[in-house]
Amino acid sequence: MSLLVVGVSHRSAPVSVLERASLTTATQIELLQDSLAAEPATEAAVLATCNRIELYADVDKFHAGVAELSTLLARHSGVGLEELTPHLYVHYEDRAVHHLFSVACGLDSMVVGEGQILGQIKDALALGQELHTAGRLLNDLFQQALRVGKRAHSETGIDRAGQSLVTFGLEQLAAGAAVDAWAKKKRALVIGAGSMSSLAAATLARVGIDEIVIANRTAARADRLVQILTEPGSTGVLARAVDMSALADELPHADVVVSCTGATGLVLTAGAVEAALHGRTGRLDLLDLAMPRDIDAAVHRLGGVRFVDIESLAEASADAPMAADVDQVRTIVSDEVAAFGAAQRAAHITPTVVALRAMAADVVSSEVARLEGRLPGLDDKQRAEITRTVRRVVDKLLHAPTVRVKQLAGEPGGAGYADALRELFDLDPQTVAAVSRADLNDTDGVGRGRV
């Protein structure tokens with residue numbers, strides 16, 4: 001395993017850099033394709049969220065891999081390499097595994113414990129599978145990360161320690177009051193109809209907001225969200241959809257605005273918000289969950305406005321009391337990293353063991369054929385018994401060393417046992433490579449069960 005991750009996140013870079021370094025789906029695809037075209041990488045996957053971009057790859061050479069992936073990340077993110085480099089972090093092999101598992105558990109999120117990252121990891125894996133850039137290592141890694149994240153949420157109180165960005169953002173707007181009391185008799189304007197905006201609308205409906213207006217460029221998506229919010233058996237909130245062009249008309253009547261779009265520029269300027277404040281008697285609460293930002297940060301200087309964005313959420317969540325839950329999750333992550341490393345090291349020797357057994361089977365067949373030439377009078381029963389006896393002898397001789405070598409290979413520092421086995425038995429490296437390719441294409445898992 002030569003796993004490398006190069007990334008930038010809210011922990012390493014200011015919002016001013018992150019909001020310019022965001023990736024669209026199209027640029028993610030280009031980044032993955034270019035990563036595989038680069039010589040050091042044989043697999044690649046990209047994890048892109050509102051507050052992180054991480055490129056995972058299986059590389060042949062560490063230094064060449066770091067240089068190439070950093071260059072590609074800068075090129076496709078739109079931030080120059082010289083500006084981006086000081087904010088990049090690099091993790092390799094077990095440290096890279098530890099990083100992704102921590103991310104999956106919500107330990108690296110701005111709001112510790114938020115569960116939305118699991119869906120984003122799942123999307124990253126799905127894109128890598130669709131483009132065939134994720135091979136055995138990254139498939140195993142990301143699938144295990146999802147399992148580790150689910151385990152952390154089910155076995156610990158990390159969900160109580162940190163809330164989703166939406167819930168935490170609404171709590172910041174409520175400023176110490178109960179969210180349901182703060183939401184009572186309020187009208188909300190939700191800008192966008194993507195996954196985060198949909199979550200915001202559903203959360204607002206759940207906490208008791210009176211009316212929700214969905215503004216989106218695509219009418220069908222906005223209408224679908226309204227249908228979900230108002231379907232029988234739901235919260236009973238009033239909801240309607242409007243076009244983005246109606247923002248100026250809707251803003252003066254809103255008490256709460258939550259915005260999360262994929263726009264590359266500002267959706268709400270300070271001037272638009274100031275105009276909406278004329279004649280108001282109540283406060284206007286603004287929550288910006290977008291990256292790049294949707295709402296001009298200058299609105300915080302306007303009287304009668306409470307403004308919360310990604311950056312202020314990160315600062316507010318830093319003091320949340322969650323030490324015991326975090327420690328428990330960290331223990332889970334450490335245990336899972338060790339188990340994953342052992343499994344990968346053990347799997348690395350499997351093709352060599354398969355090749356050894358195949359060579360032994362060829363020797364048995366060759367010797368039985370030579371015996372038949374020397375003893376032409378053997379009948380079928382005798383020939384079959386001799387063949388079974390020779391095979392049993394070979395199997396017994398190989399059983400203990402192959403089982404033991406797989407155990408040793410799973411331990412730290414065990415990667416060299418495959419090389420030792422190939423050297424001791426003079427195995428053809430091309431034969432071992434052919435077994436590896438066959439096992440990689442064995443999608444139903446049968447190949448791994450043959451040894």
Side-chain angles (χ1 to χ4, degrees), residues 1-10 18-38 40-59 65 68-79 84 88-89 91 96-97 99-106 108-109 114-150 165 192-199 218 221 260-264 290-292 340 440-441 443:
M1 176 180 68
S2 299
L3 177 66
L4 174 67
V5 56
V6 178
V8 59
S9 76
H10 65 97
L18 282 178
E19 63 185 3
R20 289 186 290 116
S22 58
L23 295 177
T24 65
T25 301
T27 52
Q28 288 181 49
I29 292 173
E30 292 174 359
L31 176 58
L32 288 175
Q33 292 171 336
D34 287 352
S35 297
L36 251 63
T42 56
E43 299 183 32
V46 61
L47 177 59
T49 73
C50 62
N51 52 40
R52 79 175 62 247
I53 302 174
E54 295 177 345
L55 182 56
Y56 291 78
D58 187 3
V59 298
E68 188 66 35
L69 297 187
S70 299
T71 300
L72 289 173
L73 205 57
R75 180 187 307 162
H76 290 283
S77 69
V79 178
L84 191 63
L88 291 176
Y89 47 81
H91 300 297
V97 177
H99 175 74
L100 181 58
F101 287 4
S102 297
V103 169
C105 293
D108 199 59
S109 297
E114 61 93 10
Q116 296 168 27
I117 188 64
L118 286 175
Q120 293 159 337
I121 291 174
K122 186 177 181 180
D123 291 342
L125 174 59
L127 182 60
Q129 291 173 332
E130 180 183 346
L131 298 176
H132 303 291
T133 63
R136 175 185 295 165
L137 174 58
L138 293 185
N139 270 286
D140 288 351
L141 175 69
F142 275 70
Q143 287 171 3
Q144 186 62 24
L146 291 171
R147 287 189 285 267
V148 173
K150 291 174 183 177
L165 281 175
S195 58
M196 184 68 80
S197 297
S198 298
L199 176 60
T218 306
R221 295 189 70 175
C260 187
T261 73
T264 55
M291 185 70 71
F340 183 82
L440 180 61
N441 293 328
T443 55

Check [X] against [Y] and note the closest heavy-atom contact, atom names and distance.
X	Y	answer
A41	A57	CB-CB, 4.2 Å
I117	R52	CD1-NE, 4.5 Å
A104	L118	O-CD2, 3.4 Å
L84	S77	CD2-OG, 4.0 Å
A124	F142	CB-CE2, 4.0 Å

About how many Å separate [atom2] of [Y] and [atom1] of [X], when rounded to the nearest 0.5 Å?
X	Y	atom1	atom2	result
E43	S35	CD	OG	12.0 Å
Q28	I53	CD	CD1	8.0 Å
L127	L47	CG	CG	11.0 Å
L100	F340	CG	CZ	9.0 Å
L73	D34	CG	CG	12.0 Å
H76	L32	NE2	CG	9.0 Å

Item to complete: Using the test ring-ring contact (aromatic ring centres under 6.0 Å, His included), find all partners of H99 that sit at least two apart in sequence or belong to another chain.
Response: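 For H99 the ring-ring contact (aromatic ring centres under 6.0 Å, His included) partners, ignoring immediate neighbours, are Y89, H91.
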Test item: [X] and [Y] side chains (from C-beta on) under 4.5 Å apart, heavy atoms:
X	Y	value
N139	Q143	yes
V59	E68	no
S9	N51	no
L141	L125	no
Q116	T49	no
T261	S197	no
D58	L138	no

